[in-house]
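Computed from heavy atoms alone, side chains included, the values below leave out hydrogens, waters and symmetry copies. Naming: A, B, ... by sequence-line order, numbering from 1 per chain.
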There are 2 protein chains.
Amino acid sequence: MSLARALPKNRTGDKSAYHHGDLSDALLVEAKRLVNKYGVENISLRQVAVNVGVSPSAAYHHFPDKESLLKAAAKSAFEDMADFQERALQDLNGISALAVRRRFRALGQSYVGFAKKNPHLFRLAFGPYCAGEDMNREESRPWQMLLAVLQELDEIGDIHPGMRAYAEILIWSTIHGTANLILDGLLPVETVDPVIQSLELALKSAGKVAK
Amino acid sequence: MSLARALPKNRTGDKSAYHHGDLSDALLVEAKRLVNKYGVENISLRQVAVNVGVSPSAAYHHFPDKESLLKAAAKSAFEDMADFQERALQDLNGISALAVRRRFRALGQSYVGFAKKNPHLFRLAFGPYCAGEDMNREESRPWQMLLAVLQELDEIGDIHPGMRAYAEILIWSTIHGTANLILDGLLPVETVDPVIQSLELALKSAGKVAK
DNA sequence: GCCATAATCTGAACATCATTAAGATAAGTG
DNA sequence: CACTTATCTTAATGATGTTCAGATTATGGC
């Protein structure tokens with residue numbers, strides 16, 4: 001698949017290929033590459049097209065305008081992040097309470113980790129080009145992963161009943177905010193772990209008021 | 001002052017004024033107005049200049065480039081948010097525990113409230129044009145306000161010792177994340193209150209683990 | 001195999017954009 | 001007043017998003 005993408009059917013050997021074969025995908029990949037390198041605000045449709053080896057107007061047969069291309073790239077970047085998170089969880093199986101907690105931390109750390117590693121892509125995925133309308137939180141992979149780990153956390157008794165209702169939203173908001181503030185230079189990078197730790201503590205004990 | 005800004009000295013009566021008098025500020029105000037209306041990605045230096053009644057190149061005597069103008073606008077937008085938060089706290093004095101908690105909620109609600117009311121300005125203030133380098137969290141007014149209310153919360157016993165260390169960072173991250181996710185359409189607007197409630201609960205009881 | 005039709009790409013064009021350079025005008029200062 | 005400096009304008013350059021007419025190739029029916 002990645003090979004088929006690198007060598008579109010019409011270009012495998014055919015030197016003077018008029019039709020590209022997989023322009024839509026090629027444009028998307030190159031758009032993401034440029035965004036990742038220079039940031040959304042510094043890339044042009046023309047540059048994307050030229051780098052792919054095609055005239056600027058060719059892009060308009062696959063995307064109605066630049067914004068649509070960027071929105072598609074944003075959606076793809078979002079999936080990249082999900083991939084990144086999945087890879088982070090991959091080797092962390094195990095049923096013990098410790099293993100579960102490790103997974104929870106890895107989830108948060110990989111979220112922020114992706115943002116730090118690919119700040120421009122992270123900003124693209126969540127910025128004004130976030131395909132908010134047709135993007136559904138409930139069905140998104142990061143959300144699903146969070147729900148799964150949260151379920152496990154609950155099973156080992158790490159979530160206090162008083163906290164269950166809105167735990168997912170609290171966690172996502174917190175981690176997402178941390179990532180953004182770090183990218184903006186408003187929080188030092190080291191704050192990820194304390195924040196996650198605080199979250200764990202909060203989840204486990206909330207409702208148990210001294211009183 | 002706002003009057004002096006509306007009527008720059010060289011224009012008060014002088015019809016053929018060559019010098020504007022307060023172009024720097026006028027450009028900033030108009031830039032913010034346009035960003036607020038159309039979003040950063042959809043405004044041009046030229047439009048800002050023309051709307052102010054000046055040639056595009058005039059702007060370059062006050063800002064080295066478009067990015068600098070936008071960064072200045074971002075800084076100003078950040079202060080606008082601080083103003084908004086201050087107004088929200090203005091009428092909420094009182095020394096009772098209830099009053100303190102009301103202030104805490106108002107702080108978070110006004111943060112998200114500003115974002116919902118001026119999404120483009122909020123994005124400008126925190127996006128890629130966030131003056132991260134010369135902007136200092138510790139000295140920013142939102143941070144100071146948070147610290148003050150947190151201090152009060154602590155005094156009425158609403159912050160568990162185990163939570164004190166990173167409470168500010170946890171709170172800011174959470175509220176900031178909520179605001180951003182709401183703007184992206186990934187969280188419904190009603191989630192603000194549950195999140196704040198969860199935070200209150202977390203702060204008060206963390207550390208008190210059932211065991 | 002052949003041809004019509006649709007899909008895909010190019011080239012040239014347009015208006016707009018950021019930015020710069022050279023020169024005009026006004027303000028401030030001796 | 002003269003002179004220096006700050007401020008603004010005009011005109012130009014090269015890049016950008018987008019459109020349109022036309023060229024090229026693939027596709028599916030015969």
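Applying the salt bridge (Lys or Arg N to Asp or Glu O under 4.0 Å) criterion to B/Glu67, with sequence neighbours excluded, gives B/Lys71. Partners of B/Arg137 according to the salt bridge (Lys or Arg N to Asp or Glu O under 4.0 Å) rule, which considers only residues two or more places apart in sequence or in another chain, do not exist here. Among residues two or more places apart in sequence or in another chain, the salt bridge (Lys or Arg N to Asp or Glu O under 4.0 Å) test is passed with A/Arg103 by A/Glu152. When the ring-ring contact (aromatic ring centres under 6.0 Å, His included) test is applied to B/Phe63, no partner is found at least two apart in sequence or on another chain.
As a whole-Å value, the separation of A/Tyr60 OH from D/dC20 C1' is 13 Å. When rounded to the nearest whole Å, the span between NZ of A/Lys66 and C1' of D/dT18 equals 12 Å. Rounded to an integer number of Å, the gap from B/Leu45 CG to C/dT19 P is 6 Å. With rounding to whole Å, B/Asn42 atom CG is found 12 Å from C/dA18 atom P. Computed from coordinates, the B/Asp22 CG to D/dT7 C1' distance equals 13 Å when rounded to whole Å. At whole-Å resolution of the value, CG in A/Leu27 and C1' in C/dC9 are 12 Å apart. Atoms NE2 (B/His62) and C1' (D/dT5) sit 14 Å apart, rounded to a whole Å. For the pair A/His61 NE2 and C/dA6 P, the interatomic distance rounds to 15 Å; values are reported in whole Å.
The aromatic rings of A/Tyr111 and A/Phe126 lie tilted to each other, with the angle between the two planes from 30° to 60°.
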N/O contacts under 3.5 Å, protein versus nucleotides 11-15 of chain C?
unit_1	atom_1	unit_2	atom_2	d
C/dG11	O6	A/Ser57	OG	2.6

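Set against C/dT19, D/dC8, D/dT18, the side chain of B/Val54 has D/dC8 as its closest nucleotide.
Pairs of residues two or more places apart, or lying in two chains, that qualify as salt bridge (Lys or Arg N to Asp or Glu O under 4.0 Å) and include a residue from residues 27-36 of chain A are A/Glu30-A/Arg33, A/Lys32-A/Asp80.
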